[in-house]
Amino acid sequence: MSLQKKSKTKKDSKNIKKNIKVKKVPTKKVTLKKVSAKKAVVKKIIKKTKTASVSTLANIPVMSAHFQSRRPSAIRLAQIEFMKRTDNVGVVNTAIGNVSLPMHPAMQRRMHNLSKYKDFADGVVKYSPTVGLKETNETFLHVLKASGLSTEGLYSQITDGGSQAMELIILGVCGAAGSDKSPLLLIDPAYTNYKAMAQRLGRKIVSIGRKLDSAGNYSVPNLKEMEEAIKLHKPGAVVVIPYDNPTGQFFDRETMVAIAKITVKYNMWFISDEAYRELYYDDNKEGKEKFKITSSIWAIDDSDVPGIIGRRISIETSSKVWNGCGLRIGALITDSKDFHDRSVAENTANLCSNIIGQYIFAGLLEESVEDLQQWFCKQREYYRSMLVNFTSEMKKLLPEIIISSPDASIYSVIDVRELVDKNFDALDFVMYIAQKGVIDIEGAEGAVGAEVPGGNRKKMTLLVSPMGEFYNENKKDDKENKAKKISLKRMGRTQMRVAYVETPEKMQLVPKLFAELFAQYCSLT
């Protein structure tokens, strides 16, 4: 449902206003027929913001072309639109991976006792070295040890969260700004920040694809297709997210080793985004954890893949496993001394990362390996029960829906392709529920929102992320690969990502909210 065509008649506009007055939707299973979308109707409900060229305005300096073309991330878009509302509707925000759990107790202790730290006692907050505090770097290596991984020969640098580590890596492995040389190779769908950082820096992104089948399983990256893309585009590095964002797919050790061999064969950097390391949920029939060996770039060495040493880089963060999203503390770890030294040199322009966040995260260094392993287990159990409940309830309410049941991380992808026609656009749906969608929902204890007379009901809506931006289009592919990419882009138009980040009580509302808001949206056509 395109947002770009104007409404054809005033009658359509009146119909919209009428339909926005939401009728009570039955709480039993929602059965949906194929939707025939009317773009003109949706246009009056959802307004896409377009940046006007400021060069036409008198006495106003001109912004860069990059700024003029910039749009909010698909992950943040729904929240930005929802914040414009004035109708006091409550919200369950699963669009952003903003964890609602408390930080590890050791980190909390440091946060509550900042004044006891000698460097903060007198209210003085100085810069740290650009590489970061020694104890904070040691903490990231200590966390690796807790996962049973060797830290011998590794170099750690503190960054402003994982996102800044991405930025530094792109600067370090890709060709010159504005050129197509040495692009970054991603596996689609891929976390949107890689594309955003590459655009900011003027670097090139290329990708290979995965597909979501009707049972909710993602295909394993096709290694033959990966090699073909490498021969065609000559990327400088490949990025893998073993505990994947956005799909929840788990890349086992065998897959990681196979990709590592390709990076050696074509002399590339091997980058692993390990923000969700230790968050995996696939058990065998005996109930024991299947993945006894942690899947990590640091679980691969020269005995597995000769020549892999010296080309490995990982992205670490305090945000997910440790629930410290707002600390904005991460790390870039590598086994290349030269890459490490040059990355630190590049980052001297940023002076240093948040010194208070560094100090808080370093509280984990005081914990034993055994204590950290117990924390991993606790985190896994928390998310495991939530995702099982969520996926089963979604299938009850919308039997034809396709939903990835993640083996890892904290996300599921919802695909409505069996319920809609070719004109459906997930972005339109996401914008509608953020801007106008509202459901009178029962059992919303603890949720903020307008009270509905007559029982425990509140006016609520839901935020999710449209998946279109998680896919990349390779412009230089041959005709066959272009056809595959178009197919993947179309797949993204029917998909949305849900993050398991709200409290369990709020997450219980998500299936019902999604089903009823989807039915409400479809009723407008």
Side-chain angles (χ1 to χ4, degrees), residues 73 75-76 96-104 106-108 110-111 128 131-133 135-147 149 151 154-170 190-194 196-197 239-246 248 251 271-280 294-298 312-334 340 343 347 350 352-365 367 372 375-376 379-380 383 408-411 499-501:
S73 163
I75 295 172
R76 293 273 175 170
I96 305 170
N98 194 17
V99 178
S100 57
L101 288 170
M103 296 187 301
H104 188 282
M107 295 164 67
Q108 291 187 54
R110 285 205 167 191
M111 181 177 68
S128 76
V131 71
L133 293 175
E135 68 168 352
T136 311
N137 282 299
E138 289 177 351
T139 301
F140 276 107
L141 298 178
H142 182 54
V143 166
L144 285 179
K145 291 177 183 176
S147 291
L149 302 168
T151 61
L154 301 189
Y155 303 92
S156 176
Q157 167 190 358
I158 304 303
T159 60
D160 297 323
S163 294
Q164 195 203 15
M166 293 175 203
E167 190 172 18
L168 288 168
I169 288 170
I170 291 171
Y191 180 42
T192 60
N193 265 18
Y194 286 99
M197 291 298 177
V239 176
V240 176
I241 309 177
Y243 309 78
D244 192 53
N245 174 13
F251 285 48
I271 301 160
S272 182
D273 186 332
E274 307 209 350
Y276 302 90
R277 190 177 53 243
E278 295 294 346
L279 293 181
Y280 56 85
T294 299
S295 187
S296 169
I297 197 171
W298 306 120
R312 298 176 297 173
I313 306 170
S314 77
I315 295 171
E316 310 288 330
T317 179
S318 64
S319 295
K320 307 307 179 184
V321 175
W322 308 105
N323 308 330
C325 295
L327 289 183
R328 305 310 302 134
I329 291 298
L332 189 163
I333 296 179
T334 181
H340 169 77
S343 179
N347 206 33
N350 288 66
C352 76
S353 296
N354 176 2
I355 184 71
I356 295 176
Q358 290 189 62
Y359 171 71
I360 290 173
F361 182 70
L364 295 175
L365 190 59
E367 302 295 300
L372 298 184
W375 175 262
F376 297 152
Q379 292 288 94
R380 283 195 289 269
Y383 287 113
S409 81
I410 57 173
Y411 306 101
Y500 298 95
V501 293

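Scored by the salt bridge (charged side-chain N to carboxylate O under 4.0 Å, His left out) test, R277 finds E274, E316 as partners (sequence neighbours excluded). Residues forming a salt bridge (charged side-chain N to carboxylate O under 4.0 Å, His left out) with D273 (at least two apart in sequence, or on another chain): none. With sequence neighbours left out, the salt bridge (charged side-chain N to carboxylate O under 4.0 Å, His left out) criterion links R328 to no other residue.
Residues S314 and S296 form no side-chain contact, since every pair of their non-hydrogen atoms from C-beta on lies 4.5 Å or further apart. Between I410 and V99, the closest side-chain pair of non-hydrogen atoms falls below 4.5 Å. Side chains of I333 and L141 form a contact here, defined as non-hydrogen atoms less than 4.5 Å apart. The closest side-chain heavy-atom distance from I355 to L133 is below 4.5 Å. Using a 4.5 Å cut-off on side-chain heavy atoms (C-beta onward), L372 and H104 make contact. Within the 4.5 Å cutoff, side-chain heavy atoms of N323 are placed close to those of Q379. Contact annotation: the side chain of V501 never approaches that of I96 to less than 4.5 Å [non-hydrogen atoms, C-beta and beyond]. Using a 4.5 Å heavy-atom threshold, the side chains of Y243 and K320 count as separate.
Annotation: the span from F140 atom CZ to L364 atom CG amounts to 9.0 Å, rounded to 0.5 Å. With rounding to the nearest 0.5 Å, the separation of OH in Y280 from OH in Y383 is 15.5 Å. The distance from the CG atom of L168 to the OG atom of S343 is 4.5 Å, given to the nearest 0.5 Å. Rounded to the nearest 0.5 Å, atoms CD1 (I360) and OG1 (T139) are 12.5 Å apart. Atom CG of N137 sits about 10.0 Å away from atom CD of E135, to the nearest 0.5 Å. Put simply, CG on L327 and CE on M103 are 5.5 Å apart, with the number rounded to the nearest 0.5 Å.
Of the possible polar contacts, one joining the T136 side chain to the Q358 backbone as a donor-acceptor pair under 3.5 Å is found. Under the 3.5 Å distance criterion, the side-chain polar atoms of S318 are left unmatched by any main-chain donor or acceptor of G330. Not a single donor-acceptor pair under 3.5 Å links the side chain of E138 to the backbone N or O of L365.
Between N354 and G357, the shortest heavy-atom contact is OD1-N, 3.1 Å. The two atoms that bring S156 and V131 nearest to each other are O-CG2, 3.6 Å, heavy atoms only. Annotation for T159 and S353: closest pair C-OG, 3.1 Å, computed over non-hydrogen atoms. Considering all non-hydrogen atoms of both residues, V143 and F376 come closest at O-CZ, 4.5 Å. In terms of heavy atoms, G363 sits closest to A106 at O-CB, 3.5 Å. Nearest approach of F251 to I241, heavy atoms of both residues: CD1-O, 3.9 Å.
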Run the side chain to side chain contact (heavy atoms under 4.5 Å, CB included) check on L144 and L154 step by step: do they pass?
CA-CA 11 Å; L144 285 179; L154 301 189; 3.9 Å; yes
Stepwise, does the side chain to side chain contact (heavy atoms under 4.5 Å, CB included) test hold for Y191 with I75?
CA-CA 10 Å; Y191 180 42; I75 295 172; 3.5 Å; yes
Worked check of side chain to side chain contact (heavy atoms under 4.5 Å, CB included) between I169 and M197:
CA-CA 10 Å; I169 288 170; M197 291 298 177; over 6 Å; no
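For the residue pair S147 / E278, a side-chain donor-acceptor distance below 3.5 Å is found, with atom types taken as modelled.
Between W322 and W375, the angle of the ring planes stays under 30°, which puts this pair in the parallel group of the 30/60° scheme.
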